[in-house]
Amino acid sequence: MAAALLANTLYSLGFVLEKRALTALPEVTIRQPARLLRLVLGSPLWIGGSLALAAGFAAQLVVYRTLPIAAAQGIFVSGLVLLVLLSARLLGEETSGRERYALGAILLALLMVVLSLRQGSDTVGQDAPYPLILLVCVPSLAAGVWLYASAERRTRNRHRRPTTGVEYGVAVGLLYGVSSLAIKGVAGRLTTRGIGGAVLDLLSSPYPYLLLFTGAFGLVMSQAALQRCRASLIVPVCTTVTSLFTAVLGTLSFGEALPDEPLRLALRVAGTALAVAVLLTMPKHDTTPQPSPPAKELASP
């Protein structure tokens, strides 16, 4: 539980720091990944945010070794509250009434999932068949990249109203969902006795290669999307998609049984359905005023 709460704090802080750094940078695009990396790596603030995210990744490894996937995702989603507070305080972002209701509904869905858990009765899966993992992950990666490219094409239309970033959040969330399953798989491989045996076991699995793919593409895609959209909206959408993807498909892939009691099963299914419904009904266009850029960006050269 402590590791999960620490991961929440580090992830929220990391996203907010990266967003603040990106606001001061020239526009970035996935079509110029080398330029994007050069710009962000030249920003100390962005590097601080990325280090916070890396530390959150380490804490997530500890969580997956001790908690069932569904329980872990339920706790991770609770970090949305901290993210919204930090975004308002450090970025000056405001959420609309409809968006606040949506976030409240997501937290209600989280509570339902948490209430469906019972300590000691939920198994923690350590392994999954590799063909099943690839069957789940490869189409999801393709869908995420395709959805992101579609959102980019629509965004380039100058007459289109500003987007809230829901499509971006769903696309990046699919990639991070695959990454989350890979982290779960890595955590299971680290239980092998001996460092040498653990490394060989890990390299013979698909998990490190899935992490490399999602790390490279996720980095470029998330930074471009984060610069264009409000962190207080795009990150909650991304987090919700990641959590649902991991909780549902990860539970099935790693053989973590669903509750056998009708009430607990109903809570878990209803919580998942509520979160999906919220995503489908969130506003697609942004009507919330954005913070003004710093004065130095408005000054003429």
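Computed from a prediction, not measured in an experiment: that's the story for all the values here. Scope of the values below: all heavy atoms of this structure, side chains included, with no hydrogens, waters or symmetry mates.
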> Identify the two heavy atoms, one from V220 and one from P33, that lie closest to each other, and give their separation to 0.1 Å.
CG2-CB, 4.2 Å

> According to a 4.5 Å side-chain heavy-atom criterion applied to Ile, Leu, Val, Met, Phe, Trp and Tyr, with indirect links allowed, do L17 and L37 form part of one hydrophobic cluster?
no

> Quick check against the 3.5 Å criterion: does Y11 have a side-chain atom that pairs as donor or acceptor with the backbone of F57?
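Confirmed, Y11 side chain pairs with F57 backbone.
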
> With a 3.5 Å cut-off and no angle check, do the side chains of R153 and S150 form a donor-acceptor pair?
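Judged by distance alone, the side chains do pair up.
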
> Determine whether V235 and L51 fall in the same hydrophobic cluster, where Ile, Leu, Val, Met, Phe, Trp and Tyr are linked whenever their side-chain heavy atoms lie under 4.5 Å apart.
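Linked, V235 and L51 end up in one cluster.
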
> Find out if a path of hydrophobic residues (ILVMFWY) with successive side-chain heavy-atom gaps under 4.5 Å connects L181 to V62.
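No, L181 does not connect to V62 through the hydrophobic network.
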
> Specify the closest pair of heavy atoms between W46 and L22, including all atoms of both residues, with the distance to one decimal.
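Where W46 meets L22 most closely, the heavy atoms are CD1-CG, 4.4 Å.
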
> Rounded to the nearest 0.5 Å, how far does NZ of K19 lie from OG1 of T23?
4.5 Å

> For residues L45 and A21, report the shortest heavy-atom separation together with the two atoms involved.
CD2-N, 3.8 Å

> Backbone N or O of G177 within a donor-acceptor pair of the S180 side chain at under 3.5 Å?
no

> Measure the spacing between CG of L174 and CE of M221 and express it to the nearest 0.5 Å.
8.5 Å

> Kindly give the heavy-atom pair with the smallest separation between A7 and G56, and that separation in Å.
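Closest pair (atom of A7, atom of G56, distance): CB-O, 3.8 Å.
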
> For residues 132-146, dump all side-chain donor-acceptor pairs below 3.5 Å to protein atoms at least two apart in sequence or in another chain.
| residue | atom | partner | partner atom | Å |
| --- | --- | --- | --- | --- |
| S140 | OG | V136 | O | 2.7 |

> Distance check, rounded to the nearest 0.5 Å: I183 atom CD1 versus T214 atom OG1?
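OG1 of T214 is found 7.5 Å from CD1 of I183.
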
> Taking C-beta and beyond as the side chain, do T29 and L36 meet within less than 4.5 Å on heavy atoms?
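A side-chain contact is absent here, since even the closest heavy-atom pair is not under 4.5 Å.
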
> Report yes or no: does Q227 contribute a side-chain atom to a donor-acceptor pair with the main-chain N or O of P26 at less than 3.5 Å?
yes

> Quick one: CZ on R228 to CD on E152, what's the gap to the nearest 0.5 Å?
4.0 Å

> So, for V28 and R35, which heavy atoms are closest and what is the spacing to 0.1 Å?
CA-NH1, 4.1 Å

> Can you label the angle between the F15 ring and the Y176 ring as parallel, tilted or perpendicular, going by 30° and 60°?
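Correct class here is tilted.
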
> Answer yes or no: is there a side-chain heavy-atom contact under 4.5 Å between L211 and S179?
yes

> Can you name the closest pair of heavy atoms from T242 and G173 and give their distance?
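Looks like OG1-O, 3.1 Å.
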
> Can you find a heavy atom in the side chain of I30 that is under 4.5 Å from one in the side chain of Y148?
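Yes, at least one pair of side-chain atoms sits under 4.5 Å.
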
> Could you state the interatomic distance from CD (E18) to CG (L226), rounded to the nearest 0.5 Å?
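CG of L226 is found 7.0 Å from CD of E18.
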
> Is there a side-chain contact between F217 and V172 (heavy atoms, below 4.5 Å)?
no

> With hydrophobic residues grouped by side-chain heavy-atom distances under 4.5 Å, do I47 and V40 end up in a single group?
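Yes, I47 and V40 fall within the same hydrophobic cluster.
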
> Answer yes if I234 and V166 sit in the same cluster of Ile, Leu, Val, Met, Phe, Trp and Tyr residues linked by side chain heavy atoms under 4.5 Å apart, and no otherwise.
yes

